[in-house]
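In what follows, a structure is listed as structure tokens, so that the remarks can point back to it.
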There are 2 protein chains.
Amino acid sequence: MIRVVLAEDQAMVRGALASLLGLEPDIEVVGEAATGQEAVAVVLSARPDIALLDIEMPVMDGIAAAAEIFRAVPACRVMILTTFGRPGYLRRAMEAGASAFMVKDSPARDLAAAIRRVLAGERVIDPVLAAAALSAGPNPLSRRERDVLGAAADGSTIGDVALRLHLSEGTVRNYLSSAIQKTHARNRIEAVRRAQAQGWL
Amino acid sequence: MIRVVLAEDQAMVRGALASLLGLEPDIEVVGEAATGQEAVAVVLSARPDIALLDIEMPVMDGIAAAAEIFRAVPACRVMILTTFGRPGYLRRAMEAGASAFMVKDSPARDLAAAIRRVLAGERVIDPVLAAAALSAGPNPLSRRERDVLGAAADGSTIGDVALRLHLSEGTVRNYLSSAIQKTHARNRIEAVRRAQAQGWL
DNA sequence: CCTTCGCGATGACATTTGTCATCCTGGCCT
DNA sequence: AGGCCAGGATGACAAATGTCATCGCGAAGG
């Protein structure tokens with residue numbers, strides 16, 4: 001039996017995926033989690049063969065959880081299953097030691113197949129996404145540029161961001177300006193959208 | 001047997017939900033769709049007892065599909081199952097004739113139960129959301145304010161929006177300004193976020 | 001050792017944005 | 001007929017935003 005731990009924050013989707021995997025005769029869901037933190041804990045106690053993680057989760061996101069599981073339980077293969085096929089996500093997932101990266105709009109039948117392939121030692125990566133990630137290149141934003149852009153994403157004014165990050169307003173403006181240029185955007189909002197679409201941020 | 005048509009754009013989630021419902025002895029999934037348009041067509045040909053619709057779908061969203069199904073196939077009860085519990089969504093779904101509104105982070109077991117209750121003639125509405133919708137009140141934005149705010153949501157400049165909507169720049173600024181005030185926001189970006197969070201837009 | 005680069009800051013500047021008062025139009029309601 | 005309101009427009013003005021040049025500092029890296 002292939003023992004799987006499932007992490008996904010939307011309970012109904014989590015339950016549905018569990019029932020989907022339950023249909024497979026050789027797969028068994030031995031644990032569920034709603035946050036990344038919970039996922040790490042469950043994997044530590046259940047010691048599954050596979051950890052199937054969503055990325056968008058509260059408390060700790062799936063990529064951070066992947067890194068932690070990869071470090072603490074090397075015997076457990078980590079698979080990422082996510083809504084948004086963003087090149088930056090794929091890159092970061094691979095760096096975190098994930099063995100697979102797939103998106104939720106591929107067919108349901110592919111999931112079990114991917115699990116078996118991963119267990120056989122293969123790496124499974126959505127081919128469309130792999131191409132996109134390669135052509136997109138790495139994240140051009142510096143650490144600070146990401147921080148500032150991220151802090152401005154919710155509509156905060158420059159003053160707010162400066163306060164929150166303990167920076168001068170002028171400095172915030174400068175980082176924002178360079179982020180705008182690096183993303184080829186025309187203003188802050190476009191820069192945020194572009195960065196999010198690429199999985200930088 | 002309760003005959004259900006399932007509309008959801010993410011194939012894997014759709015398949016997983018189908019398998020979840022397949023576990024119920026008295027429920028049968030007789031059709032699936034990935035867009036609202038497809039959902040209407042499938043319901044017209046399959047004549048199910050229940051149409052279970054996601055809201056965020058391409059081509060035609062779930063609310064528009066709900067209205068169309070309610071009009072064309074009154075015997076079919078429409079249920080909305082969505083990621084985002086936004087008060088405005090609930091309100092619009094009810095106006096479109098939906099019999100149920102639930103969010104994907106309630107437990108998986110609730111889904112089949114809700115289907116049975118709807119078929120028994122009940123209306124099923126997430127209680128937390130119902131309270132939020134009542135306290136939030138109706139959408140304060142006028143038709144035009146929504147258009148303009150929606151067109152500005154992707155980071156377009158005022159000039160872009162004016163061009164796209166065939167308005168003068170000054171007019172766009174005025175509508176944007178009043179939308180900002182009605183949403184109690186401090187700038188365009190906050191206004192967009194607030195409006196989206198409420199399900200106006 | 002010298003260069004480069006990231007971080008942080010300042011000051012100046014042109015644009016964009018948000019706000020307000022005001023005007024015109026055509027429905028709609030009484 | 002008169003009043004009211006939404007849509008559309010203009011012009012003026014203050015505030016926020018985006019850009020640029022320039023400076024200092026310290027950590028790599030040749």
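Below, chain A is the first sequence line, B the second, and so on; all start at residue 1. These numbers come from the heavy atoms of this one structure, side chains and all, not from hydrogens, waters or symmetry mates.
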**Request:** Evaluate the side-chain proximity of Ile115(B) to Leu21(B): yes if any heavy-atom separation is below 4.5 Å, no if none is.
**Result:** yes
**Request:** Take atom CG of Leu149(B) and atom C1' of dT17(C), then tell me their distance rounded to the nearest Å.
**Result:** 14 Å
**Prompt:** At under 4.0 Å, does any side-chain N or O of Arg144(B) touch on OP1 or OP2 of dA6(D)?
**Reply:** no
**Request:** Find the distance Arg143(A):CZ to dC7(C):C1' and express it as a whole number of Å.
**Result:** 13 Å
**Length of the NE2-P vector between His166(A) and dG8(C), whole Å** = 12 Å
**Request:** Grab the CD-P distance between Glu145(B) and dG7(D) for me, whole Å please.
**Result:** 7 Å
**Phosphate-side-chain proximity, Ser168(B) and dG8(D), N/O vs OP1/OP2 below 4.0 Å** = no
**Asked** Tell me, for nucleotides 14-30 of chain D in 5' to 3' order, what letter each nucleotide earns: B for a base near a protein heavy atom under 4.0 Å, S for only sugar-phosphate near one, - for neither?
**Response** ---BBBB----------
**Item:** Within-4.5 Å side-chain heavy-atom neighbours: Ile63(B) and Leu53(B)
**Value:** no
**Asked** Hey, does the Lys NZ or Arg CZ of Arg86(A) hover above the aromatic six-ring of Phe84(A), less than 6.0 Å from the centre and inside 45° of the axis?
**Response** yes
**Asked** Roughly, in whole Å, what's the span from CG in Leu165(B) to C1' in dG8(D)?
**Response** 12 Å
**Complete:** Taken to the nearest whole Å, CD/Glu190(A) to P/dT16(C) is 14 Å
**Asked** Ser142(B) near the nucleic acid: base, sugar-phosphate alone, or nothing, with a heavy-atom cut-off under 4.0 Å?
**Response** sugar-phosphate
**Request:** Could you tell me whether the side chain of Ser178(B) reaches within less than 4.5 Å of the side chain of Glu145(B), counting heavy atoms only?
**Result:** yes
**Note, Leu6(A) side chain near Arg14(A) side chain (heavy atom, < 4.5 Å)** = yes
**Prompt:** Would you call Asp9(B) and Asp105(A) a side-chain contact if the rule is heavy atoms closer than 4.5 Å?
**Reply:** no
**Rounded interatomic separation in angstrom, taking CD from Glu169(A) and P from dA12(C)** = 16 Å
**Message:** Any heavy-atom pair between the side chains of Val124(B) and Phe101(B) that's under 4.5 Å?
**Reply:** no
**Message:** Name the residue from Val78(A), Leu52(A), Val42(A), Asp49(A) that meets the side chain to side chain contact (heavy atoms under 4.5 Å, CB included) definition with Val5(A).
**Reply:** Val42(A)
**Message:** Roughly what angle, to 10°, lies between the helix axis at the start of the helix from dC1(C)-dG30(D) to dT30(C)-dA1(D) and the one at its end, five pairs per end?
**Reply:** 30°
**Asked** Taking atom types as modelled and ignoring hydrogens, do the side chains of Arg186(B) and Thr157(A) form a donor-acceptor contact shorter than 3.5 angstrom?
**Response** no
**Whole-Å gap separating P (dG6(C)) and NZ (Lys182(A))** = 6 Å
